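Worth saying up front: this structure is predicted, and the values here are computed from it rather than measured. Reckoned from all heavy atoms, side chains included, excluding hydrogens, waters and symmetry mates.
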Amino acid sequence: MASPSSDLDRERRKCTFNVAELTDIINGGREKTERRQYLESLVLNEPIFNYDDYYFLSREEKYSDAVKKTVRLVQVLKQHNIEDPEDYQTLLKYVLNLNLPIALHNSMFRPTIRDQGTDEQRKKWLPLANDYKIIGTYAQTELGHGTFIRGLETTSTYDPKREEFVLNTPTLTATKWWPGCLGKTSTHAVVMAQLYIKNQCYGIHSFIIQLRSLKDHSPMPGVTVGDIGNKVGLETNDNGFLAMDNVRIPRENMLMRHAQVYPDGTYRKPANSKLVYGTMVLLRATVVSESATNLSKAATIAIRYSCVRRQTEAKPGELEPQIIDYVTQQHKLVPQLATAYAFAWIARYMMSTYHALHADIESGHLGALQELHGISSGLKAFTAEMSVSGIEVCRRACGGHGFSAASGLVSMYKDRLPSCTYEGENTVLYLQTARFLLKCFRQPSITPSSMSYIQVKPLPGARWGVKSPEDLMKPILLVEAFEHRAQRTIKSAAQFLESQISQGLDTSEAMNRSGIEFVRCAKAHCYYFVTRNFFQSTALLKCSKEIKESLLTLGVVFALNGIADNSGEFLEDCFITGTQMEFVRERILYCYKQLRPNLVGLVDAFAFADQSLNSALGAYDGDVYNRLYNWAKRAPLNKTDVHSSYHKYLKPILKSKI
Ligand SMILES: CC(C)(COP(=O)(O)OP(=O)(O)OC[C@H]1O[C@@H](n2cnc3c(N)ncnc32)[C@H](O)[C@@H]1OP(=O)(O)O)[C@@H](O)C(=O)NCCC(=O)NCCSC(=O)/C=C/CC(=O)O
Ligand SMILES: Cc1cc2nc3c(=O)[nH]c(=O)nc-3n(C[C@H](O)[C@H](O)[C@H](O)COP(=O)(O)OP(=O)(O)OC[C@H]3O[C@@H](n4cnc5c(N)ncnc54)[C@H](O)[C@@H]3O)c2cc1C
């Protein structure tokens, strides 16, 4: 048996490029790498952030441990005057592989006050929140409604006499249900409720309510709050429920940047009713980045393990081969690695686009609202879906040890599953993106430049210009295939909708019956968008030839597997021929062979600390078997050789005469 670490050492010697240079590219430059290393040094050396026995903890212990880590993290941030949200994101991405009980405080509560509060409200609440004098969450979803925001039942009724709002949970289904960190941690919440003034409903608005006493953390009068119980993943997060029994808050607690209620009850409506949805758009953009990070972690674990794991005697008398050398194993893992890089690049695009369009919206150019919503909805759904399924492919590629909690892949999969549901259920968001695409298809004037391809009508009988397998290394031809598919499916969705309407269906039913076509075109659009962005971004990189070659080959792998996995959509109108599909399959194998020497280098470049991966299979040194065995020996069940259940239950039957 070769020594595991020597296998990885040999893999690292094979790498054809400078891994540190690629790490800088992934981080966004040398300075960002140094900043990340500084932040990691502040936390990773703290014993409190040790995760060795984390997988043995009960749900309650995990929550309590996470609160302990959170408090220490806040102290570290304060000690070192770390206030930049980007630094906090870096710590979340690369160091803390936990969903902290302050997750919603930083991801939604503070941004909502920042973006939807008046200057006075920002001045009042943000210093308290930034200094963790209060901890908040974002309470929108109810037992009865999550997707349909306009159907939420929680009410906030204005009382002009006392210049207060009365928040109420009128029915059981109005109970707020799911909000993160709501059950036991948060002292405050932004509550999304139907605004009522003089019995007239003005729709959903946001209100700040205190949930718990700042003296003893007990629930405030009229507030019933608690944890919703065990769920899949996110065990450290106290997703909770909240019922309000006519809880009064001052008028000033309604966030009034976009809509106002004056002391006498006069209402001034927002310039656009969707401005109140703004925080969700930010989170959807953030999910793109989280999807990239987690798929990168899973690929790191599975590829390192696949270089260490040797299995089956390929040739009598020879060393068992590394399982990474089975082409079927490469076909599982290399596409995940390619997708991880593709998502890292699109995440950068998404965040820069979010900040640019958000700035436009802040300065009153509300036209950007739709574009930002259309882009972020699709990319959130697309990256979440592919990242979660990619993590499961990586987990399953590790055989039996992929089922061990010690792999780090089980908890990662469970923690990432909800990303397909929260921040907008994926199907619902695909439908929103499709709605925007069809609008652009029908109205060129509102089409943003990023979607101008929709105006180009595909030539009838258009054919793919690939003449040989070598042609498949040309990004322009790969992007052309995905562009054609997206154009065709958007046009076909528009025509399908029109056909439904021409059959006499009303718009709502016609839209419903067109839903499958809508989701199809939204996915095709996202695949095109990510593929195009991958090649455009990589072409602009200033890096060694070897790195560029590896990244371009990863891009080809992402594109070709996208074609092979959806071949029907490319063959449907004969844009691609059967011969070209054979070229695709041949070129996929070629790319795997090209990438093989660099696979470990490509995952090492993500530079995840062992603590952040928390995986016996994916540690940098490859010492898998010792880590697994030593971890198992620490399992609570192994505290005694004979478990107490023997004496209580087993012994009598074993002693009984058969
Ligand atoms: C499904 C939604 C979008 C429907 O919203 P609704 O108000 O009912 O809109 P309509 O269907 O009537 O009209 C759509 C219309 O509105 C535009 N639009 C919708 N949303 C936005 C937006 N955010 N920004 C800009 N524009 C928007 C859309 O473009 C259409 O325009 P037209 O010109 O075509 O008419 C809505 O109900 C929704 O977003 N549902 C999802 C709910 C959701 O995301 N919940 C998340 C809760 S927070 C959470 O999950 C936190 C998790 C914690 C964690 O992440 O850890
Ligand atoms: C781990 C986790 C954390 C969360 N954190 C928060 C939080 O912090 N704050 C918060 O407010 N919420 C939170 N949520 C709630 C989350 O936002 C909702 O669960 C999500 O928006 C989906 O809504 P729903 O649960 O009502 O599902 P539903 O909308 O009931 O979806 C069920 C099914 O119906 C389909 N469907 C629904 N509407 C349509 C439609 N119009 N067209 C086609 N199909 C449709 C969906 O595609 C899905 O298949 C969290 C949820 C989870 C799981």
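Counting only heavy atoms from C-beta outward, the side chains of H525 and F382 never approach each other to under 4.5 Å. Proximity of S550 to L602: side-chain heavy atoms (C-beta onward) are separated by under 4.5 Å at one or more points. Considering only heavy atoms from C-beta on, M192 comes within 4.5 Å of Y138 through its side chain. A heavy-atom distance below 4.5 Å is not found between the side chains of Q580 and L472. Within the 4.5 Å cutoff, side-chain heavy atoms of F482 are placed close to those of I563. For the pair K32 and E86, the minimum side-chain heavy-atom distance is below 4.5 Å. Within the 4.5 Å cutoff, no side-chain heavy atoms of T279 are placed close to those of F109. Using a 4.5 Å heavy-atom cutoff, the side chains of W345 and L541 are in contact.
Residues S306 and Q329 bring a donor and an acceptor atom of their side chains to less than 3.5 Å of each other. With 3.5 Å as the limit, one finds no donor-acceptor pair spanning the side chains of Q500 and S514.
Among pairs with a residue in residues 369-391, those fulfilling salt bridge (charged side-chain N to carboxylate O under 4.0 Å, His left out) read E385-K523, at least two apart in sequence or across chains. The list of salt bridge (charged side-chain N to carboxylate O under 4.0 Å, His left out) pairs with a residue in residues 282-293, not counting sequence neighbours, reads E290-R416. The stretch residues 439-449 participates, sequence neighbours left out, in these side chain to side chain donor-acceptor pair (under 3.5 Å) pairs: Q370-K439, T447-Q455.
In this structure, the salt bridge (Lys or Arg N to Asp or Glu O under 4.0 Å) partners of E392, at least two apart in sequence or on a different chain, are R395, R396. Scanning for ring pair (Phe, Tyr, Trp, His ring centres under 6.0 Å) contacts around W177 gives F241, with sequence neighbours left out. In terms of the salt bridge (Lys or Arg N to Asp or Glu O under 4.0 Å) criterion, R532 has no residue partners (sequence neighbours excluded). For the ring pair (Phe, Tyr, Trp, His ring centres under 6.0 Å) test, residues two or more places apart in sequence or in another chain that qualify with H358 are Y354. Residues that satisfy the salt bridge (Lys or Arg N to Asp or Glu O under 4.0 Å) test with D471, not counting sequence neighbours, are K474. Applying the salt bridge (Lys or Arg N to Asp or Glu O under 4.0 Å) criterion to E142, with sequence neighbours excluded, gives K176. Residues meeting the ring pair (Phe, Tyr, Trp, His ring centres under 6.0 Å) test with F535, sequence neighbours left out: none. The side-chain contact (heavy atoms from CB on, under 4.5 Å) test applied to N272 returns K274, L275, L366, L369, not counting sequence neighbours. In this view, Y528 and Y453 satisfy the ring pair (Phe, Tyr, Trp, His ring centres under 6.0 Å) rule, not counting sequence neighbours.
Put simply, CG on L560 and CD1 on I588 are 5.0 Å apart, with the number rounded to the nearest 0.5 Å. For the atom pair OG of S387 and CD of Q336, the computed distance is 9.0 Å after rounding to the nearest 0.5 Å. For the atom pair L333 CG and R304 CZ, the distance stands at 13.5 Å (nearest 0.5 Å). Taking CG of L100 as the start and CG of L92 as the end, the distance is 6.0 Å to the nearest 0.5 Å. Between the OG atom of S273 and the CD1 atom of I204 there is a distance of 11.0 Å, given to the nearest 0.5 Å. The CG atom of L234 sits 4.5 Å away from atom CG of N99, with the distance rounded to the nearest 0.5 Å.
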Carefully, step by step, assess I301 and C394 under the rule side-chain contact (heavy atoms from CB on, under 4.5 Å). CA-CA 8 Å; I301 293 169; C394 290; over 6 Å; no
Show, in sequence, the C-alpha distance, side-chain angles and deciding distance for H401 and S407, and conclude whether the side-chain contact (heavy atoms from CB on, under 4.5 Å) test is met. CA-CA 7 Å; H401 301 325; S407 68; 5.9 Å; no
side-chain contact (heavy atoms from CB on, under 4.5 Å) between L282 and R114, worked out: CA-CA 12 Å; L282 168 62; R114 183 196 64 213; 4.0 Å; yes
Starting from the C-alpha separation in whole Å, work towards a yes-or-no answer on ring pair (Phe, Tyr, Trp, His ring centres under 6.0 Å) for F606 and Y341. CA-CA 10 Å; F606 294 126; Y341 271 92; 4.9 Å; yes
side-chain contact (heavy atoms from CB on, under 4.5 Å) between M473 and C591: does it pass, once the steps are laid out? CA-CA 9 Å; M473 301 307 285; C591 288; 4.1 Å; yes
Evaluate the ring pair (Phe, Tyr, Trp, His ring centres under 6.0 Å) criterion for residues Y592 and H331: first the C-alpha distance (whole Å), next the side-chain angles of each, then the deciding distance (0.1 Å), finally the verdict. CA-CA 8 Å; Y592 293 166; H331 194 45; 5.8 Å; yes
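D415 places no side-chain N or O within donor-acceptor distance of the main-chain N or O of G233, the cut-off being under 3.5 Å. When atom types are taken as modelled, the side chain of N512 and the backbone of S508 share no donor-acceptor pair closer than 3.5 angstrom. Of the possible polar contacts, none joining the W464 side chain to the T577 backbone as a donor-acceptor pair under 3.5 Å is found. A side-chain donor-acceptor contact under 3.5 Å links T433 to the backbone of G374. A side-chain donor-acceptor contact under 3.5 Å links S389 to the backbone of M386.
Heavy atoms only, all atoms of each residue included: A103 and C181 are closest at N-SG, 3.9 Å. Heavy-atom minimum distance, C440 versus I454: CB-CD1, 4.0 Å. Minimum heavy-atom separation, W178 to N239: O-ND2, 2.8 Å. Counting all heavy atoms, side chain and backbone alike, Q116 lies closest to V276 at NE2-O, 3.2 Å.
Exactly one residue among V287, L372, T383 makes a side-chain contact (heavy atoms from CB on, under 4.5 Å) with M350. That residue is L372. Among the candidates V334, L478, V530, T553, the single residue satisfying the side-chain contact (heavy atoms from CB on, under 4.5 Å) test with F558 is V530.
Geometrically, R488 does not engage F575 in a cation-pi contact defined by less than 6.0 Å to the ring centre and at most 45° from the axis.
By the 6.0 Å contact criterion, NZ on K548 is enclosed, its count of non-hydrogen atoms from other residues, nucleotides or ligands being greater than 12.
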